[in-house]
Amino acid sequence: MAEELDFVARYAMGEGLIIRNRTVLVEGTTDAELFQLAARLEYEATGTDLLGRDLAIVAAGVGHHGGTRNLCRRLWVLRDLARNCLSENGSLRYRFIGLFDNDDAGKQAVKAVRAFDASILEYRDVFRLWPVMPLPNSLDPGTVEKAFHHANACYKRLKWELEDLLPQEFVEVFLSEHPGAVTHSTSIGNRLHRDLTRDGKARLHRFVKQCAVRDDLSGVIEVLRAVRFYLRMK
């Protein structure tokens with residue numbers, strides 16, 4: 001019942017958000033659904049539950065209510081509320097982080113969210129999606145930043161989105177049916193980023209839901225594992 005919820009959970013319910021004690025905010029519903037599908041397929045294949053009752057992947061909003069601007073707004077509000085919501089031992093009951101695409105909009109959003117609230121640190125509270133999401137020995141933000149830069153040194157100029165983690169063979173099968181879904185491709189090293197049309201992105205996600213198996217989403221699963229690591233979760 002709503003009256004049994006704390007004020008953070010009540011706020012989230014009022015906004016239509018399903019949160020957990022650890023919540024990752026992403027830009028849109030397609031990102032959230034892809035993470036959720038990957039978690040389900042991993043659980044079915046291995047019995048490992050990467051979400052469970054302790055982690056949620058939440059879209060900033062649906063359609064034009066999503067995107068980087070709304071992700072920033074959600075993150076500010078939820079973090080501000082969470083500061084005053086403590087567990088019985090005095091620790092924070094909730095932790096919220098933001099995960100942005102590594103494109104121009106994502107880079108600008110990380111700067112904006114930190115400019116508004118200087119307590120928000122990149123590589124601790126906000127992350128950009130990179131081809132390699134490293135697992136350093138320490139979670140000190142400076143150490144994590146160095147690990148990201150080292151692991152992705154050759155990909156600094158490469159835009160990167162969640163769809164880029166799908167296997168090339170899988171995407172090529174999709175493109176054989178929908179050749180107009182991509183407007184431009186950029187390749188650096190062994191990584192390829194494709195700029196999708198809005199309709200092409202929607203069609204690709206429908207194709208994923210219909211055809212993908214666990215191995216097709218192994219890259220997305222690894223991002224989930226990395227996120228759990230950054231949140232100090234098992």
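Heavy atoms of other residues, nucleotides or ligands lying less than 6.0 angstrom from CD1 of Ile18 number 12 at most. By the neighbour-count criterion of 12 heavy atoms within 6.0 Å, atom NE2 of His150 is sparsely surrounded, having that number or fewer from other residues, nucleotides or ligands.
With hydrophobic clusters built from ILVMFWY side chains whose heavy atoms lie under 4.5 angstrom apart, Leu92 does not share a cluster with Leu17. Two different hydrophobic clusters hold Trp160 and Leu25 under the rule that ILVMFWY side chains link at heavy-atom gaps under 4.5 Å. In the hydrophobic clustering of this structure, Leu175 groups with Leu34; members are Ile, Leu, Val, Met, Phe, Trp, Tyr whose side-chain heavy atoms approach within less than 4.5 Å, directly or through other members. Criterion: ILVMFWY side-chain heavy atoms under 4.5 Å apart, direct or through other members. Under it, Phe148 and Val113 are not part of a common hydrophobic cluster.
The pair Glu122-Arg114 does not meet the salt-bridge criterion, since no charged nitrogen lies less than 4.0 angstrom from a carboxylate oxygen. Remark: Arg69 does not engage Glu27 in a salt bridge, criterion side-chain N to carboxylate O under 4.0 Å. Checked for salt-bridge contact, Asp216 and Lys209 miss the test: no charged N lies under 4.0 Å from a carboxylate O. A salt bridge does not link Asp6 to Arg10: none of the charged side-chain nitrogens sits closer than 4.0 Å to a carboxylate oxygen. Between Asp101 and Lys107, no side-chain nitrogen of the basic residue sits less than 4.0 Å from a carboxylate oxygen of the acidic one, so the salt-bridge criterion is not met. Taking 4.0 Å as the cut-off between side-chain N and carboxylate O, Glu177 and Arg203 do not count as a salt-bridged pair.
Between Phe170 and Phe207, the two ring planes are tilted [angle within 30° to 60°]. The aromatic rings of Tyr123 and Phe127 sit perpendicular to each other, their planes meeting at more than 60°, with 30° as the lower class boundary.
Leu50 is not listed as a side-chain neighbour of Tyr43, based on a closest heavy-atom distance of 4.5 Å or more. Between Leu204 and Leu166, some side-chain heavy-atom pair lies under the 4.5 Å cut-off. For the pair Arg93 and Val8, the minimum side-chain heavy-atom distance is 4.5 Å or more. In this structure, Arg95 and Asn21 have side chains that are not in contact, with every pair of non-hydrogen atoms separated by 4.5 Å or more. Between Arg124 and Leu139, the closest side-chain pair of non-hydrogen atoms is not below 4.5 Å. Using a 4.5 Å heavy-atom threshold, the side chains of Ile19 and Tyr94 count as touching. The shortest side-chain heavy-atom distance between Leu165 and Val223 falls under the 4.5 Å cut-off.
Legend: salt bridge (Lys or Arg N to Asp or Glu O under 4.0 Å) pairs involving residues 130-142, not counting sequence neighbours: none detected.
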Would Trp130 and Tyr155 count as a ring pair (Phe, Tyr, Trp, His ring centres under 6.0 Å) here? Give the steps.
CA-CA 8 Å; Trp130 285 88; Tyr155 306 123; 8.2 Å; no

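Side chains of Glu163 and His205: a donor-acceptor N/O pair is present below 3.5 angstrom, by distance only. With hydrogens and angles left out, the side-chain atoms of Ser119 and Arg83 include a donor and acceptor closer than 3.5 Å. Side-chain atoms of Thr197 and Asp199 form no donor-acceptor pair, as typed in the model, at a separation below 3.5 Å.
The residue from Leu99, Val227, Ile221, Leu55 that alone fulfils the side-chain contact (heavy atoms from CB on, under 4.5 Å) condition with Phe35 is Leu99.
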